[in-house]
Each structure stands twice: as structure tokens, then as C-alpha cells.
Amino acid sequence: MKKVSILGATGSIGLNTLEVISRHPDKYTVFALSAQKSWKKMLLLCKTHMPTYAVLIDPDAAESLRKTAPEGVTVLSGENALIEIASHKEVDYVMAAVVGSAGMASTLAAVDTGKRVMLANKESLVLAGDLLINATKKSGAELIPVDSEHSAIFQCLQGGIDGLKKIQLTASGGPFLKTPIHELKHVTPEQACQHPNWTMGKKISVDSATMMNKGLEVIEANFLFGLSSNQIEVVIHPQSIIHSFVYFNDGSVLSQLGLPDMRSAISYALSYPERQDSGVGDLDLTKQKPLEFILPNMSVFSCLGLAYEALKQGKNAPGTLNAANEVAVEAFLGNKIGFLDISKTIEKTLLDVPVSNVDTLARVVENDQLSRQIARSVIESSA
Ligand SMILES: NC(=O)c1ccc[n+]([C@@H]2O[C@H](COP(=O)([O-])OP(=O)(O)OC[C@H]3O[C@@H](n4cnc5c(N)ncnc54)[C@H](OP(=O)(O)O)[C@@H]3O)[C@@H](O)[C@H]2O)c1
């Protein structure tokens, strides 16, 4: 029986993870759940899954939960509590599904203590890729990708990496694939969050609309699979049926297919190297629309180009890109800036933040804070 902590349990990935776990009560038990402040959602999850610990970052929300939680569930609060349930000695598996850089410290804590870390929180790798990969090697932790594209590549590489030439990440193109660029100026947060194929949290939905999500995934792939930027390509595949391609030097190309449902990748991260029922239905290609593949237009999806630039630049640039993106997406969701201002904010922040090394956690955090400060002043000065 594997004991699982789910960080970001009330979110899209967290709930899908609980759904897969519920199908296999003989294999997994929920040890701890966390969220930021959604205490009512957490209360329902506590009643259903009876974790040993429930963590809410927000102290007031934690207090509300403490008054109502079922007996046997200990309610904790604050960022240290998140680290505690990620690194607790009784935990075997950690689902890292907090959104954004807020997930980095807990992901690192899980890796440091040698857990199986099911990585949905791609921002951790973008911010602190070298630190996380080195810590994984040192502790013997398992870092299993949950992003559907990286899970696909991971699955295709089970025969080994011998002869691996390059990979191609597939991208849906998001809700604005066919929107003319002059109309993008006026799109609303609601429109940006209406993804054609996937149901996801708001931040990743906006990232998909700008294609920054794919940019972050390019950087994630660089760290996970040890590939250089020119070995990682992106192709738009609006149907989201093929989850990525792996090219070998003998001309063979492997890919993994499936319906666009995150439970497949989550289930594989849980059961690896075996497979189990995930609840996802069978793919019937005779009933699918024709599969299309289109090269991304970098002048429309400039965030993708900025991510490649940051990866090539290295050092603190990926962390700066991520921080500026989080600030800009939050401002867009709050109707403070327009959709096209997201990439402009990131571009200007990348120019303004001095180049530095991020070889310690303290330097990663320092750069993240400085980049956020500069991104906010870029937004204020353009208001
Ligand atoms: N959704 C997908 O299909 C998908 C696919 C691939 C990768 N991912 C990645 O998975 C991660 C989670 O995405 P999601 O779509 O599941 O996000 P989501 O639906 O927005 O859920 C985010 C979760 O994180 C918690 N949270 C938010 N801010 C926090 C903070 N400052 N500290 C601690 N916890 C916090 C939320 O709690 P509250 O409910 O209290 O706000 C919630 O439980 C992201 O990194 C995303 O890029 C998602």
C-alpha cells in the first residue's frame, strides 16, 4: 500500500489524482491533502478520503476547516506544513500539483527526501531545474512527469535513450489558434480560459492561450530528458490526440496517443512501471476528426519564442521568464492588462533583470522576487 500526499488537491490535477486513486483502494491510501484557501472544497475531500493531514496555506481558511473537519484529520497551516507533508517519513508518493512557483519548495523537499515525485508543477523545474535534477540524483528520488507531453516522451523512452535524436512536443494551439492577431488585443480572461480540449486551472489555461505553457514545457523537457534547445521542437496538433513524438537516429519515430484526459498520465505516474485502469475511455481513431499538424507562428505566439530565448540564455533567465509570466497572467486575469501585454511584460522584464547564477535555493528565490518586482513596475509604467 503506497501512502500519497497530494499537493494542490483542490485543483484540476489534484482532483483527477484522487479520482484515479479511488479506483485502486488496494494500492494507494491518501496520507495528506493540501490547498491554498479553498477550505469548503477541502472539507468535502477530507470527508471522502479521510487523510491523516489536511494543509491549508491560509491561516483563516485552516481555522475554518479545523472547526469542521472529521475526527482523525489533523489540520495544519502555512508553507512549512506543505513541506512537512511533502517530506513526511511515512509518505511514499507525492503529487506536486500546486500551481506556479509556490510549488517549488515542497517539490524540492519531496525530492530531497527520496520520494516518488509525480511532477505536474512544471514551474519548479523552470525555476530550479539544475537544483532539482541534482537533488534527485543525490537522494535517489523518482521524478515522474505528469504533463501529458512529458509523460508521453517518458513512456516512449522506456526502451532506453540510445539513438535519441530529438523530441517534438505537441501543442493544442489553445483557444486563439485561428484568431487574427489584431483581435487578440481585446480578448477577455473568460475567453482565454476556454480551452478547446482540456479542462484546467485558470493559470495554465491562460498559459495555453499564449503558448507560454508550451514554452515552459520546452524548458521542462530540457531538464527532464537532458536535451538541448535545438533537440526540442514544438508542433501544433489541435486535436490533442498524439501527446508528443520521439525521433531516433535510425529514422524511427515513437509517439503515445490517447484521449485528452489527464488521468492517463496521472495513472501512469502512480503505477509506473506497470499500468492500471485510469477511467479513461478507448481512443477510436475511426471516429476522430483528421489529425492536423501545424508549425507555430512565433510572431503570434511570441511567448514561445521568449521561452526558447530564456532557455538558450540559461542562468537566471528561465526563472525570470517564469516570474514575469506569473505576474503578467495574474494582472491579465484581474483585468489590469490586455492579453497581448503578457508577452510585452515578460520581454521587458527579461531585458531589465540582470544576468546572475542561480546555483543555490536562496539565489533562485532572490531572482524570483526581484523579477516579480520588476515585472510589476513594467506593468505600472505602461498603465
Ligand atoms: N490542469 C491540467 O490539466 C494540467 C496539465 C499539466 C500540468 N499542469 C500543471 O499542474 C499544476 C496545477 O495545475 P491545475 O490546473 O491543477 O491548477 P489549479 O486547478 O489552479 O489548482 C491549483 C492548486 O494549487 C493550490 N494553490 C494555489 N496557490 C497556492 C499557493 N500559493 N500555495 C499552495 N497551494 C496553492 C490551489 O488551492 P486553492 O483551491 O485553495 O486555490 C489548488 O489546490 C500547474 O503547475 C500546471 O501547470 C496542469
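Order of appearance sets the numbers: ligands from 1, and atoms from 1 within every ligand. By convention here, the first residue in the shown sequence is residue 1.
Pairs of residues two or more places apart, or lying in two chains, that qualify as ring pair (Phe, Tyr, Trp, His ring centres under 6.0 Å) and include a residue from residues 269-298 are Phe154-Tyr272, His237-Phe293, Phe245-Phe293, Tyr268-Tyr272. For the ring pair (Phe, Tyr, Trp, His ring centres under 6.0 Å) condition, the pairs that include at least one residue of residues 312-356, sequence neighbours left out, are Phe176-Phe339, Phe332-Phe339. Sorted by first and then second residue, the side-chain hydrogen bond (donor to acceptor under 3.5 Å, both in side chains) pairs involving residues 275-286 (not counting sequence neighbours) are Arg23-Asp277, Lys27-Gln276, Tyr28-Gln276, Gln155-Arg275, Ser267-Gln276, Asp284-Thr286, Asp284-Lys287.
Within 4.0 Å of ligand 1, the residues that place a heavy atom are Gly8, Ala9, Thr10, Gly11, Ser12, Ile13, Ala35, Gln36, Lys37, Ser38, Ile57, Ala97, Val98, Val99, Ala102, Ala120, Asn121, Lys122, Glu123, Asp147, Met200, Gly201, Ile204, Met262, listed by chain and number.
Using a cut-off of 4.0 Å between Lys/Arg side-chain N and Asp/Glu carboxylate O, Lys214 and Glu149 are scored as salt-bridged.
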Between Met95 and Ile13, is the side chain to side chain contact (heavy atoms under 4.5 Å, CB included) condition met? List the steps. CA-CA 9 Å; Met95 169 54 78; Ile13 293 288; 3.8 Å; yes

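Distance alone, capped at 3.5 Å, is enough to place a donor-acceptor pair between the Arg116 side chain and the Leu270 backbone.
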